[in-house]
Amino acid sequence: MKIGASTLAGIEIGLEKTLEFIEDLGIEYAELVHQFPSEHITPDILESYSLKYSIHAPFMDVNIAALQDKSRANSIIQIKDSIDLANEIGAEVVVVHPGLASFLVNKYFLDDVYKVSNESIAEINDYSRDLGVMTTIENMPAFDGMIYQNISDLNNLVADLQMGMTLDIGHGNHVGYSPDEMIFDSIKHIHIHDNFGDDDAHLSLGEGSIDLKRIVNNLESKNYSGIYIIEVNDCDSIKKSYEYMKKNF
């Protein structure tokens, strides 16, 4: 089982200290959140660590489903920058959010948002495929304006494009999916965290109500070979979650 942790947990202490913490725990992978305050990651920053990497492309101030052409184009450029970094450092996967629909857009133009998002994802997929980088699209939590909360719809899209999905288990539970409803052949990467279904809380594993054992056992029975990225709120929660995984899996 490949286990990693997201550097999102160390957003307040800085990238280097977070990577050192993850490495000292004995975790194999780190997922680099490639946006402010770690927008300018270069390979030399990573050379002193023995970690392997995945990359979470920027999602703050980024919207590949934007109906404004210039906003969308700039967002795609930022995603491609993450793909370039992945290619440079040999990262195993890049995670991309499918985009957002603002209030008025969600009310009047939601079909257009999905159309534009699909076109952007196809462009990103072509770019990453040309570089030999695996890019995946993540399912979203149950918040207004978040598109592709429906994991089945996302699965259909990525299957048609012959690309992979990042299954965010906490997001799936927030939307209301049962453990058995979260399993798809397109899943190539996992974000694992806990909640009680009422919020996208990113709790330590075992601190919420998600039947994580059933989900992981289902994935393993399907010969899932990707990384499980612990995506929690702080470094102490990484440690607790890693201990949970070692104990239960």
Side-chain angles (χ1 to χ4, degrees), residues 6 8 33-36 39 55-84 86 93-130 133-178 181-182 184-189 191 193 195 197-202 231:
S6 171
L8 185 65
V33 180
H34 191 205
Q35 66 176 20
F36 182 87
E39 180 180 1
I55 293 177
H56 199 311
F59 51 90
M60 185 172 65
D61 304 328
V62 169
N63 184 10
I64 65 170
L67 299 185
Q68 295 288 117
D69 290 342
K70 291 181 180 179
S71 297
R72 184 175 66 256
N74 181 269
S75 295
I76 291 172
I77 288 170
Q78 293 184 62
I79 303 299
K80 288 179 177 178
D81 285 345
S82 290
I83 296 169
D84 289 340
V93 63
V94 176
V95 180
V96 176
H97 283 194
L100 303 161
S102 62
F103 171 70
L104 286 177
V105 171
N106 195 31
K107 185 175 181 180
Y108 295 111
F109 305 111
L110 191 57
D111 288 344
D112 297 289
V113 167
Y114 275 95
K115 179 177 181 293
V116 166
S117 175
N118 294 352
E119 291 172 352
S120 297
I121 290 169
E123 179 180 343
I124 289 164
N125 184 43
D126 288 342
Y127 185 83
S128 60
R129 184 174 293 167
D130 286 345
V133 174
M134 180 168 68
T135 295
T136 61
I137 309 301
E138 181 179 354
N139 62 298
M140 293 291 100
F143 293 134
D144 289 345
M146 295 282 190
I147 67 172
Y148 281 114
Q149 299 176 28
N150 187 307
I151 306 178
S152 295
D153 288 348
L154 180 57
N155 175 70
N156 290 338
L157 172 66
V158 297
D160 286 345
L161 293 173
Q162 297 183 317
M163 63 188 305
M165 178 200 304
T166 287
L167 172 68
D168 188 297
I169 292 172
H171 292 175
N173 190 65
H174 188 217
V175 173
Y177 282 89
S178 72
E181 292 173 327
M182 293 192 202
F184 295 88
D185 290 339
S186 65
I187 296 169
K188 303 298 181 185
H189 193 63
H191 285 169
H193 47 95
N195 62 54
D198 58 341
D199 193 13
D200 180 31
H202 288 257
E231 192 179 60

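Quantities reported herein were computed from a predicted structural model and do not represent experimental measurements. Position 1 is the first residue of the sequence; numbering continues from there.
Scanning both residues, Ser82 and Ala57, for their nearest heavy atoms gives OG-CA, 3.5 Å. The two residues Ile121 and Met163 make their nearest non-hydrogen contact at CG2-SD, 3.6 Å.
Judged by distance alone, with hydrogens and angles left aside, the side-chain atoms of Ser117 form a donor-acceptor pair with the main-chain N or O of Pro98 at under 3.5 Å. Within the 3.5 Å criterion, the main-chain N or O of Glu231 finds a donor-acceptor partner in the side chain of His202. Remark: the backbone N or O of Ala65 is paired with a side-chain donor or acceptor of Asn63 at under 3.5 angstrom. Not one N or O on the side chain of Arg72 forms a donor-acceptor pair closer than 3.5 Å with the backbone of Ile64. A donor-acceptor pair under 3.5 Å links the side-chain atoms of Gln149 to the main chain of Phe143, judged by distance alone. For the pair Thr136 (side chain) and Val94 (backbone), a donor-acceptor distance under 3.5 Å is present.
For the pair Val93 and Lys188, the minimum side-chain heavy-atom distance is 4.5 Å or more. You'll find the side chain of Ser152 reaches within 4.5 Å of the side chain of Phe184, heavy atoms only. Under the 4.5 Å side-chain criterion, counting only non-hydrogen atoms from C-beta, Ile137 is not in contact with Met165. Met146 places a side-chain heavy atom less than 4.5 Å from the side chain of Leu100.
With rounding to the nearest 0.5 Å, the separation of OG1 in Thr135 from NE2 in His189 is 11.0 Å. We find the OH-CD1 distance between Tyr127 and Ile83 to be 7.0 Å, quoted to the nearest 0.5 Å. Taking CG of Leu161 as the reference point, atom CG of Asn125 lies at 5.5 Å (rounded to 0.5 Å). Rounded to the nearest 0.5 Å, atoms OG (Ser186) and CD (Gln162) are 12.5 Å apart. How far CG of Asn155 is from CG of Asp160: 9.0 Å, rounded to the nearest 0.5 Å. Separation of atoms CG (Asp200) and CG (Asp168) is listed at 6.5 Å; rounding is to 0.5 Å.
Side-chain contact, Ser120 with Glu123: no donor N or O sits under 3.5 Å from an acceptor N or O. No hydrogens or angles considered: nothing links the side chains of His34 and Glu39 as a donor-acceptor pair under 3.5 Å.
Among Asn139, Asn118, Asp153, the single residue meeting the side chain to side chain donor-acceptor pair (under 3.5 Å) criterion with Tyr148 is Asn118. A side chain to side chain contact (heavy atoms under 4.5 Å, CB included) with Ile187 is found for one member of Leu167, Ile151, Thr166, Val158 and no other, namely Leu167.
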List the steps, then state whether side chain to side chain donor-acceptor pair (under 3.5 Å) holds for Asn195 with His174. CA-CA 8 Å; Asn195 62 54; His174 188 217; over 6 Å; no

Take Val113 and Leu67 through the side-chain contact (heavy atoms from CB on, under 4.5 Å) test and state the conclusion after the steps. CA-CA 7 Å; Val113 167; Leu67 299 185; 4.2 Å; yes

Gln35 vs His56, test: side chain to side chain donor-acceptor pair (under 3.5 Å). Steps then yes/no. CA-CA 9 Å; Gln35 66 176 20; His56 199 311; over 6 Å; no

Ser75 and Gln78: CA distance, side-chain angles, deciding distance, side chain to side chain donor-acceptor pair (under 3.5 Å) verdict: CA-CA 5 Å; Ser75 295; Gln78 293 184 62; 5.1 Å; no

side-chain contact (heavy atoms from CB on, under 4.5 Å), that's the test. Do Tyr108 and Leu104 meet it? Break it down for me. CA-CA 6 Å; Tyr108 295 111; Leu104 286 177; 3.9 Å; yes

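The number of heavy atoms from other shown groups lying within 6.0 Å of CD (Gln68) does not exceed 12. Within a 6.0 Å radius of CG in Asp111, no more than 12 heavy atoms belonging to other residues, nucleotides or ligands are found. Counting heavy-atom neighbours within 6.0 Å of Tyr114 OH, excluding the residue itself, gives a total above 12.
The aromatic rings of His171 and His193 lie perpendicular to each other, with more than 60° between the two planes, well past the 30° mark. Ring geometry, Phe59 versus His97: the interplanar angle falls under 30°, so the pair is classed parallel (tilted spans 30 to 60°).
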